[in-house]
Amino acid sequence: MHGLSVYQIKAMLYGSRSLNYLTTYTRDSQVRTTALFILRLSRGISLSAHKLFDKSPQSHVTNGYQFLASFLQQNRLNKKPTKFQLCTALNCCAKTHNSLLGSQIHTKILNTGLDQNLYINSSLVNMYAKSGAILDAMRVFNGMEFHDQVSWTSIICGLSQNGQGKEAICLFKQMLKTQIIPNSFTYVSVISGCTDQESVSKCSELLHGHVIKLGHENNKYITSTLIDNYSKCGKIDKAVTLFEGSITKDDILLNSMISAYSHNLLGEDSLKLFIKMHKANVSLSQHALTSVLDACGALTVLQQGKQIHALVTKMGSDQNTFIIGALINMYSKCGNINEASHVFNQTVHKNNILWTSMMTSYAQNSKVVLTACNHSGLLEKGVYYFEKMRSDYNLAPEIDQYACLIDLYARKGDLESARKVFDEMPVDANAVMWSSFLSCCKEYGNVEYGREAAYKLFELEPDSPVPYLILGDIYGGAGLWNEVRNVRKLMEENGVRKCTAGWSWVEVDNEVHVFSVGDLCHVRSDEIYLELYKLSLEMLSEFKTFRPVILRACFNWAKAEGCILDMAALKASPCKLAHVWRLSLTEFSSDN
DNA sequence: GTAGGGTTAG
């Protein structure tokens, strides 16, 4: 069942009638849903077949486009649409994120005088919110005469999904002041937007309390949202309590819990739950596979990862892009770059994220500082192993291990401890260590340590513009504009070129932006750059889009190495960050 | 007779 489209499956099924075989042996939920749909349809149970098809991930695309086509045809014939049709049309626009058509329909609604219909307005709010036009959604919402549960929930959900959780909570509070009582939909919406630290500490448990008080605690949607919410803010204990207390553990609840463990670097628990789920014959979804692969990567357990990969193939999910992304990450984190690129090459439809995953893999695997501890980001564990190595095994740590320790502390923001390691080391620190320390100083805005690290680097890497630029950034972040000017002057006095292989910078509105593949890692290998460069060219020709940060770094490298740049491919790409592109283009054109 | 809102993953 590898990568079959719905249409291929349909064709196959109508021909063979071996429906039961397919539904029994296909564990890929997407394919199975489609198969069941056809099964019921073929036996004349059309109603439940349609219900099933509605749950299928492709249904909104196929059904939606069919509906919109007939809707537009009717419009061309100047037939007046009913309010029901308008609602459905808006719903289709929402599901396909088509706000352009949606706003045209909006105009039609205003012309036909249906602009105070409650259902239509809720649909409009939802349509705008789903396609990211949250301001338009707000405008419609505010223009409504009356609000009910659905319209309130639509706007709250819209804000949540557009990353405006605080505003969602704000509106939720306003809703509580009205006569309209929130229902389970509303709670799911507001809780899922509760992601920033402040909202979490103020609201998560309060909302949970509300849910219990209103008797929604057995609602599976709410429970999985709460598990997700607790896990994302590090309260894994609460998530576990919720999970264990829930009566029916359906597949989504299990998935949420597996990814909750995975998120909290509890890969072992994640794997255990997955295996338990597998043995209990709970249908394994692609979500579960993705999370558990993530856990394998974090634990760097290649054998288990390979077993899951085998399962993926058996289930016929080996063309699901989420799973492929997770496989690439897993192999990469386990240090098996060959297998990662094999998976990538076997993929028929490569999207933007997969390309980036693949490149990050190359970057990760060329990392100077490369340890399992560093990957999982477990500071305590890393320090524990570092000490254990010294005390239990009587091994003198090598410079790379010190570098790793510095990285571990600094990335967590403990710059103080990181700085101490420099002093305690028996050998002199190298440029890589000071660079990683400097980047962390920038991230945490520490001027004092940043200055020291930068000045060390001026000595260690006299030709590199990077420490100058980063120090300038740190000063700028602290509002020390005089210092910014001084750093630039110093850079000129020392005769440092603005651009070297792998590093570049642009100046936009007086702000310096440093770009490098080294943003992903400390790459020092030319072969890796060559791979990255080849990939970026391939991706440009296929997708006409690319992450500008990586692209710039690759092209700068290519330019420094004297490669002939593919200007046509570059110009054909409508990149989102136009100013970066313009700069690249003028830079490349003037050079060539 | 018919309409509008929700959960998990790379």
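Every chain is numbered from 1, with letters handed out A, B, ... down the list of sequences. Only this structure's heavy atoms are used, side chains among them; waters, hydrogens and symmetry mates stay out.
- Taking CD1 from A/I120 and CG from A/L86, the interatomic distance works out to 5.0 Å, rounded to the nearest 0.5 Å.
- Aromatic ring centres of A/F172 and A/Y187 lie closer together than 6.0 Å.
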Output the pairing pattern of DNA chain B as a dot-bracket string, 5' first, Watson-Crick or G-U wobble with both distances under 3.5 Å, | for cross-strand pairs, [ ] for crossing pairs.
..........
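- With sequence neighbours excluded, no residue forms a ring pair (Phe, Tyr, Trp, His ring centres under 6.0 Å) with A/H287.
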Taking only distance into account, with no hydrogens and no angle test, what donor-acceptor pairs under 3.5 Å do side-chain atoms of residues 135-145 of chain A form with protein atoms, sequence neighbours excluded?
from: A/D136; atom 1: OD1; to: A/R139; atom 2: NH1; distance (Å): 2.9
from: A/N142; atom 1: ND2; to: A/M138; atom 2: O; distance (Å): 3.3

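- Heavy atoms from other residues, nucleotides or ligands lying under 6.0 Å from CD1 of A/I247 number 12 at most.
- A distance of 15.0 Å separates CD in A/Q179 from NE2 in A/H147, rounded to the nearest 0.5 Å.
- DNA chain B lies under 4.0 Å from at least one heavy atom of each of the following residues of residues 146-154 of chain A: A/D148, A/Q149, A/V150, A/S151, A/T153, A/S154.
- Counting non-hydrogen atoms under 4.0 angstrom, A/T321 reaches a base of the nucleic acid.
- Under the ring pair (Phe, Tyr, Trp, His ring centres under 6.0 Å) criterion, A/H263 pairs with no residue, sequence neighbours left out.
- At the heavy-atom level, A/D251 lies nowhere under 4.0 Å from the strands shown.
- One distance of note links CG of A/L293 with NE2 of A/H309; it measures 8.5 Å at 0.5 Å rounding.
- Protein chain A contacts DNA chain B from B/dT2 to B/dG10, reading 5' to 3' and using non-hydrogen atoms of the protein with a distance under 4.0 Å.
- Residue A/I181 qualifies as open at atom CD1: its count of foreign heavy atoms under 6.0 Å is 12 or below.
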